[in-house]
Participant: 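Here you go, one structure.
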Amino acid sequence: MSQPLIPEPAVPGPLGPAVGRRAGRVAVSAFVLLAALALWVTRASGHLLPEDAVLHAWSVVHRPAGAAAAARAVTDTGTGVVPYAVLLAAGLYAGRSARQRCAVALVLMVCLGAGQALRYALMSLVARPRPPVGDWAAHASGWSFPSGHTATAAMTAGLALAALVLGARGTSRPAVLVIGSWGAAVGLTRVYLGVHWFTDVLAGWLFAVWWVCLLLWAYARWAPAVLRGEV
């Protein structure tokens with residue numbers, strides 16, 4: 001007597017609905033924290049919080065020439081062509097075919113550009129002054145909150161890691177560690193070089209978490225199952 005056919009359970013893609021829902025919850029949490037921080041900063045006397053002043057003063061005092069030069073070298077990678085080059089490399093590595101590699105790289109760079117535009121809009125809305133120019137050890141321009149270098153580097157790291165983890169080849173722990181450490185280090189150099197308050201950097205990290213997790217939630221919710229299995 002033949003056994004009844006039992007359908008095999010569906011195999012979830014690299015980013016299943018459960019992961020998408022978690023990404024959505026993280027995005028909401030990061031957005032709420034960012035909004036609360038922005039409100040706190042705008043209502044604080046002189047747009048300055050006590051913790052910002054303490055960390056800024058420490059950075060100015062503990063900044064020998066060699067350390068400042070090293071910090072500038074790191075901070076310079078958080079803007080300009082470097083973040084887009086990182087995403088181009090991640091996209092070309094993650095895809096299966098030549099066409100898909102180009103498509104993934106393009107999508108990653110568009111997502112970063114959109115995130116930078118949103119970050120600029122928030123910066124203009126909050127309009128927080130930077131630390132005193134005399135304390136700067138690097139060039140800076142524009143308003144302070146949230147830090148552009150910080151947000152750009154963190155968004156780049158998050159998008160690159162998402163592409164690598166979800167990609168055809170996967171990634172390694174050392175790669176995750178290096179990319180994640182770089183994304184965090186750029187933000188810390190902004191405080192050390194005296195061009196941002198620490199809460200600017202914290203806001204940049206929160207903004208990046210919100211944006212990357214929002215994109216992951218949207219990808220899990222709306223991207224076709226076939227695409228999720230290929231990317």
Side-chain angles (χ1 to χ4, degrees), residues 14-15 23 30 67-123 137-142 146-193 195-196 200-201 203-216 218-219 223 227-228 230-231:
L15 187 63
R72 281 192 294 269
V74 174
T75 211
D76 287 344
T77 64
T79 189
V81 69
V82 174
Y84 287 91
V86 170
L87 293 181
L88 175 62
L92 295 179
Y93 179 85
R96 294 179 184 271
S97 63
R99 181 177 179 180
Q100 191 182 71
R101 292 187 187 105
C102 292
V104 172
L106 178 60
V107 168
L108 291 175
M109 291 188 286
V110 168
C111 288
L112 175 60
Q116 287 179 310
L118 290 171
R119 197 280 315 174
Y120 187 87
L122 176 60
M123 178 191 71
H139 172 73
S141 61
S147 166
H149 284 67
T150 301
T152 297
M155 285 189 293
T156 301
L159 290 168
L161 289 174
L164 294 176
V165 170
L166 298 174
R169 304 183 189 182
T171 189
S172 62
R173 288 185 179 180
V176 172
L177 181 62
V178 169
I179 296 173
S181 298
W182 167 74
V186 170
L188 295 176
T189 62
R190 304 306 285 168
V191 178
Y192 189 67
L193 293 171
V195 294
H196 274 290
D200 300 333
V201 172
W205 287 332
L206 287 172
F207 182 92
V209 170
W210 166 71
W211 182 237
V212 173
C213 287
L214 180 65
L215 293 172
L216 288 173
Y219 174 76
L227 177 62
R228 290 202 300 267
E230 290 179 356
V231 175

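Computation of the quantities below employed the complete heavy-atom set of this structure, encompassing side-chain atoms and omitting hydrogens, waters and symmetry-equivalent molecules. It should be emphasised that the depicted structure is a prediction, and the values quoted were computed from it without experimental measurement.
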Participant: I need the minimum non-hydrogen distance between W182 and A157, along with the two atoms involved.
Facilitator: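 Scanning both residues completely, I find the closest heavy atoms to be CZ3-N, 4.1 Å.
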Participant: Considering all heavy atoms of both residues, which atom of V186 and which atom of A153 are nearest to each other, and what is their separation?
Facilitator: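 Closest heavy-atom pair between V186 and A153: CB-CB, 3.7 Å.
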Participant: Out of curiosity, T79 OG1 to Q116 CD, how far, rounded to the nearest 0.5 Å?
Facilitator: 7.0 Å
Participant: Nearest heavy-atom pair of G183 and W205: which atoms, and what distance?
Facilitator: O-NE1, 3.9 Å
Participant: State, to 0.1 Å, how close V201 and G187 come at their nearest heavy-atom pair, and which atoms those are.
Facilitator: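 For V201 and G187, the tightest heavy-atom pair comes out as CG2-O, 3.3 Å.
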Participant: Can you name the side-chain hydrogen bond (donor to acceptor under 3.5 Å, both in side chains) partners of T75, sequence neighbours left out?
Facilitator: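 Testing T75 for side-chain hydrogen bond (donor to acceptor under 3.5 Å, both in side chains), a comparison that skips the adjacent residues, returns T189, R190.
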Participant: OH of Y120: more than 12 outside heavy atoms within 6.0 angstrom?
Facilitator: no
Participant: Please round to the nearest 0.5 Å and tell me the distance separating atom SG of C111 and atom CG of L215.
Facilitator: 4.5 Å
Participant: Answer yes or no: is there a side-chain heavy-atom contact under 4.5 Å between V212 and L161?
Facilitator: no
Participant: Determine whether L118 and W210 make a side-chain contact, defined as any pair of heavy atoms from C-beta on separated by less than 4.5 Å.
Facilitator: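 Heavy-atom side-chain distance check passes, below 4.5 Å.
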Participant: Looking only at heavy atoms, which two atoms of C102 and L92 are closest? And how far apart?
Facilitator: N-CD2, 4.3 Å
Participant: Just verifying a value: how many Å separate T77 OG1 and H149 NE2, rounded to the nearest 0.5 Å?
Facilitator: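 Between atom OG1 of T77 and atom NE2 of H149 there are 8.5 Å.
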Participant: Walk me through whether L164 and I179 qualify under side chain to side chain contact (heavy atoms under 4.5 Å, CB included).
Facilitator: CA-CA 11 Å; L164 294 176; I179 296 173; 3.8 Å; yes
Participant: Hey, which of L108, T156, L88 is the one that makes side-chain contact (heavy atoms from CB on, under 4.5 Å) with P83?
Facilitator: T156
Participant: Go through T150 and D200 one step at a time and tell me if the side chain to side chain contact (heavy atoms under 4.5 Å, CB included) criterion holds.
Facilitator: CA-CA 8 Å; T150 301; D200 300 333; over 6 Å; no
Participant: Which heavy-atom pair separates F207 from M155 by the least distance, and what is that distance?
Facilitator: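 Residues F207 and M155, closest heavy atoms: CE2-SD, 3.9 Å.
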Participant: Checking R119 side chain against G204 main chain: does a donor-acceptor pair fall under 3.5 Å?
Facilitator: no
Participant: I'd like to know if the side chain of W211 reaches the main chain of L112, judged simply by a donor and an acceptor atom lying under 3.5 Å from each other, with no hydrogens or angles considered.
Facilitator: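 No; zero donor-acceptor contacts below 3.5 Å.
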